[in-house]
Amino acid sequence: MTKITPLNNAEHSGISIIESNDFSRFSNEHLIPVLAQDFLPLATEFPIVFVKNTETGRFTPVAMMGLKIGVNLYCQDSSWHSNVTPLGFSNAPLSLMKTSEQSDEVMVCIDLNSHLVVKEGGHRLFIDSKEQSEYLKKRTQALLDIDSFNQQTANICQFLSSLKLLEPKQLSLKLLNNKTVMNIDGIYVIDKERLNDLSDEDFLSLKNRGILPLIYAHQLSLQQFSRLIKKQNQYDLSH
């Protein structure tokens, strides 16, 4: 259970944060939301696809870390088995929260129940004078950067959607322990034909917005399904 509370120097001057590559908190999430800034590094390891919010119609890019709902093949234990990591994985135990629904101002919060929060060792959040430590300032700026990246990513997805480049894709996979083909629905990819059929004006707009490298990284990442199938087969054999 999480215990998220606004961070303040009166109550939290005595606690510190440790850093860890233990991402087992994501063990039950096979789809991990990612940022536009994640596309290029993550494309070498994970398929990057899009999912659609049925209520808002908005798209979100995700890294597929498993083929079956509820199983993240990379986060089943405390070790991280990849050379690349989504930017969002480094947030915990800190997060940003709006001060009110009407305000754009945000405050830093901390999950006091996180195993990353300690009383001895680690990185102090406040110095003896109860002012913010340099470490906390650095972590806060990283949170603000990711918040900005999230908005950039949402705008990019909205633009891709406006050009009708995102199409639903059903994947049919055959795993070693499955007698029948497993179908995966609910994901979207960028349609190559629609991309090629764009007007010069629209294609140039993608280029000028810096979106083309993200599209190519997304398309390249789809080759990583073979890696996921192999990992899923290995996981199924041991469980």
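In terms of the ring pair (Phe, Tyr, Trp, His ring centres under 6.0 Å) criterion, Phe126 has no residue partners (sequence neighbours excluded). Qualifying side chain to side chain donor-acceptor pair (under 3.5 Å) partners for Ser24, counting only residues two or more places apart in sequence or in other chains: Asp22. Partners of Phe26 under the ring pair (Phe, Tyr, Trp, His ring centres under 6.0 Å) rule, at least two apart in sequence or in another chain, are Phe89. In this structure His218 satisfies the ring pair (Phe, Tyr, Trp, His ring centres under 6.0 Å) test together with Phe50, sequence neighbours excluded. Not a single side chain to side chain donor-acceptor pair (under 3.5 Å) links Arg25 to another residue, sequence neighbours left out.
At least one side-chain heavy atom of Leu206 sits under 4.5 Å from a side-chain heavy atom of Leu163.
Using a 4.0 Å cut-off between charged nitrogen and carboxylate oxygen, Lys169 and Asp185 do not count as a salt-bridge pair.
A donor and an acceptor atom, one from each side chain of Asn72 and Gln76, are nowhere located under 3.5 Å apart.
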Listing, residues 28-43 side-chain donor-acceptor contacts under 3.5 Å, not counting sequence neighbours, or none:
from, atom 1, to, atom 2, distance (Å)
Gln37, NE2, Gln152, OE1, 2.9
Asp38, OD1, Leu87, N, 3.0
Asp38, OD2, Leu35, N, 3.0

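Ring pair Phe46/Tyr74 is perpendicular by interplanar angle, where above 60° counts as perpendicular and below 30° as parallel. Classification of the Tyr135-His123 ring pair by plane angle, with boundaries at 30° and 60°, yields parallel.
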I'd like to know whether Arg227 forms a salt bridge (Lys or Arg N to Asp or Glu O under 4.0 Å) with Glu45, so could you lay out the CA-CA distance, the side-chain angles of the two residues, the decisive distance to 0.1 Å, and finally the verdict.
CA-CA 8 Å; Arg227 185 195 302 269; Glu45 182 82 33; 3.7 Å; yes
